[in-house]
2 protein chains.
Amino acid sequence: MTSEELLTVLAALGHPLRLQIIAALAAERVHVSELARRVGVSRPLLYMHLERLEKAGLVEGHLELSHDGKSMKYIELKPFQLTLTVPTILAALQADRESEQPSSGERSD
Amino acid sequence: MTSEELLTVLAALGHPLRLQIIAALAAERVHVSELARRVGVSRPLLYMHLERLEKAGLVEGHLELSHDGKSMKYIELKPFQLTLTVPTILAALQADRESEQPSSGERSD
DNA sequence: TTCACCTGTCAGCTTGACCTTACAGGTGAA
DNA sequence: TTCACCTGTAAGGTCAAGCTGACAGGTGAA
């Protein structure tokens, strides 16, 4: 995991509303409009937050047709596990260096 | 851990420069001016970032006198371990509810 | 005294995150 | 047709985070 990926996840989790969204999705997947009502925000705002969560790989959206033919976008939570310690941060920064010069200095001798 | 505490840590770690700062402090404590040079930023900017890290409890500063009598503020890294999963987020949000009404519903019977 | 270090803070700028309002377009049911 | 749902996005405003430059004040050494 590079530091960029790490920062994407940290930024995605670093907002109270997005924690609420994750909590609301923990038990079951919910479609966008219903999710907006449950967490008490406007739909456009929710879209913005979902975009961040999705980019971080924490949620996933699926557009489906409901039983009565209406288009519904269901959001589901992707299980994740991320341990933050000094070594994991060092590893992320090290991954940056290894991925930016993949053919020069990452020998393990 | 409440969600506010969690968010403070997430926000503190959610910046590339602050990850660099943590990496620079991983091996040894460093005084402010030297740290600024090592991570390549101005001292005032570093102070701002250190403030966030300190509020999150990730680093600690100690003002000391060097052997030649000059005032030096040494920054040291506090070891930490934070595991991010859906359950830990749910627990943080639950802690909010328990701490806002400490005398009504948190009975454990 | 001048220099080279050090700590600490403030005023002011820029930019992006966040949020709201409004719009365009689709469906099934009354 | 009108209503009540749904998806999706664009325009614009607000505000805090981030960053810079300048300042005030301390020390020991040359």
Side-chain angles (χ1 to χ4, degrees), chain A residues 3-22 24-25 28-56 58-76, chain B residues 3-4 6-25 28-56 58-76:
Chain A
S3 73
E4 191 177 340
E5 294 168 333
L6 175 61
L7 287 168
T8 301
V9 175
L10 289 174
L13 293 177
H15 190 281
L17 181 54
R18 293 197 284 267
L19 293 185
Q20 295 286 347
I21 291 171
I22 289 173
L25 294 172
E28 52 171 359
R29 62 179 207 161
V30 181
H31 68 80
V32 174
S33 292
E34 174 63 19
L35 182 56
R37 282 190 292 267
R38 290 197 192 176
V39 298
V41 299
S42 69
R43 221 162 25 83
L45 182 56
L46 179 60
Y47 268 93
M48 197 262 292
H49 288 293
L50 286 178
E51 192 178 0
R52 288 177 163 271
L53 289 169
E54 201 158 12
K55 274 183 185 169
L58 301 177
V59 305
E60 216 174 70
H62 304 279
L63 192 58
E64 301 177 16
L65 290 181
S66 69
H67 61 304
D68 59 345
K70 287 175 183 166
S71 217
M72 313 280 272
K73 185 172 187 180
Y74 280 96
I75 311 295
E76 72 174 299
Chain B
S3 73
E4 190 177 341
L6 175 61
L7 287 168
T8 301
V9 175
L10 290 175
L13 293 176
H15 191 280
L17 181 54
R18 292 196 284 266
L19 293 185
Q20 294 286 346
I21 291 172
I22 288 173
L25 294 172
E28 52 171 359
R29 61 179 207 160
V30 180
H31 68 82
V32 174
S33 291
E34 174 64 17
L35 183 56
R37 283 190 293 268
R38 290 195 193 177
V39 299
V41 298
S42 69
R43 225 167 17 89
L45 181 56
L46 180 58
Y47 267 93
M48 198 262 291
H49 288 294
L50 287 178
E51 192 179 359
R52 290 180 158 267
L53 288 169
E54 201 157 13
K55 275 184 184 168
L58 301 178
V59 304
E60 215 174 72
H62 304 278
L63 193 59
E64 300 176 16
L65 290 181
S66 69
H67 61 301
D68 60 346
K70 287 174 183 166
S71 215
M72 314 280 274
K73 184 173 189 179
Y74 282 95
I75 310 296
E76 72 173 298

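Residue numbers start from 1 in every chain, and the chains themselves are labelled A, B, ... in the order their sequence lines are given, proteins ahead of strands. None of the values given here were measured: they were computed from a predicted structure.
A:Leu46 has its side chain within reach of A:Ile21: a pair of non-hydrogen atoms, C-beta onward, lies under 4.5 Å apart. In this structure the side chain of A:Gln20 never reaches within 4.5 angstrom of the side chain of A:Pro16, judged on heavy atoms. A 4.5 Å side-chain heavy-atom check between B:Leu35 and B:Leu50 finds at least one atom pair inside the cut-off. For the pair A:Tyr74 and A:Met72, the minimum side-chain heavy-atom distance is below 4.5 Å. With a 4.5 Å cut-off on side-chain heavy atoms, A:Leu6 and B:Leu13 do not count as touching.
One interatomic measurement links the two molecules: NE2 of A:His67 to P of C:dA29, which rounds to 9 Å at whole-angstrom precision. Taking atom CD of A:Glu34 as the reference point, atom P of D:dA4 lies 18 Å away to the nearest angstrom. Taking atom CE on B:Met72 and atom P on C:dA4, their separation rounds to 17 Å, with Å as the unit. Across the protein-nucleic acid pair, A:Leu35 atom CG and D:dC6 atom P stand 12 Å apart, rounded to whole Å. Taking atom CG of residue A:Leu10 and atom P of nucleotide D:dA17, one finds them 17 Å apart after rounding to whole Å. In this structure, the CG atom of B:Leu7 is 15 Å from the C1' atom of C:dC18, given to the nearest Å. If you measure from atom NZ of B:Lys73 to atom C1' of C:dC5, you get 18 Å, rounded to the nearest angstrom. A straight line from CG of B:Leu63 to C1' of C:dG8 spans 10 Å, rounded to a whole angstrom.
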- Message: Let me check I have this right: for DNA chain C, each base becomes ., (, ), [, ] or |, based on Watson-Crick or G-U pairs with both distances under 3.5 Å. What is the full string?
- Response: ||||||||||||||||||||||||||||||

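Shown here for A:Leu25 and A:Val30, the closest heavy-atom pair between the two residues is CD2-N, 3.9 Å. Taking each heavy atom of A:Gly61 and A:Glu54 in turn, the nearest pair found is N-OE2, 3.3 Å. Between B:Ala11 and B:Arg18, the closest heavy-atom pair is O-NH2, 2.9 Å.
Heavy atoms of B:Leu65 sit nowhere under 4.0 angstrom from any nucleic acid atom.
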Considering only nitrogen or oxygen atoms on both sides, find all protein atoms under 3.5 Å from nucleotides 18-27 of chain D and state each distance.
residue	atom	partner	partner atom	Å
D:dG18	OP1	B:Arg18	NH2	3.4
D:dG18	OP2	B:Arg18	NH1	3.3
D:dG18	OP2	B:Arg52	NE	3.1
D:dC19	OP2	B:His49	NE2	2.9

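For A:Ser66 and D:dC6, the shortest distance from a side-chain N or O to OP1 or OP2 is not below 4.0 Å. Not one side-chain nitrogen or oxygen of B:Arg37 sits closer than 4.0 Å to the OP1 or OP2 atom of C:dC5.
Ring pair B:His15/B:His49 is tilted by interplanar angle, where 30° to 60° counts as tilted.
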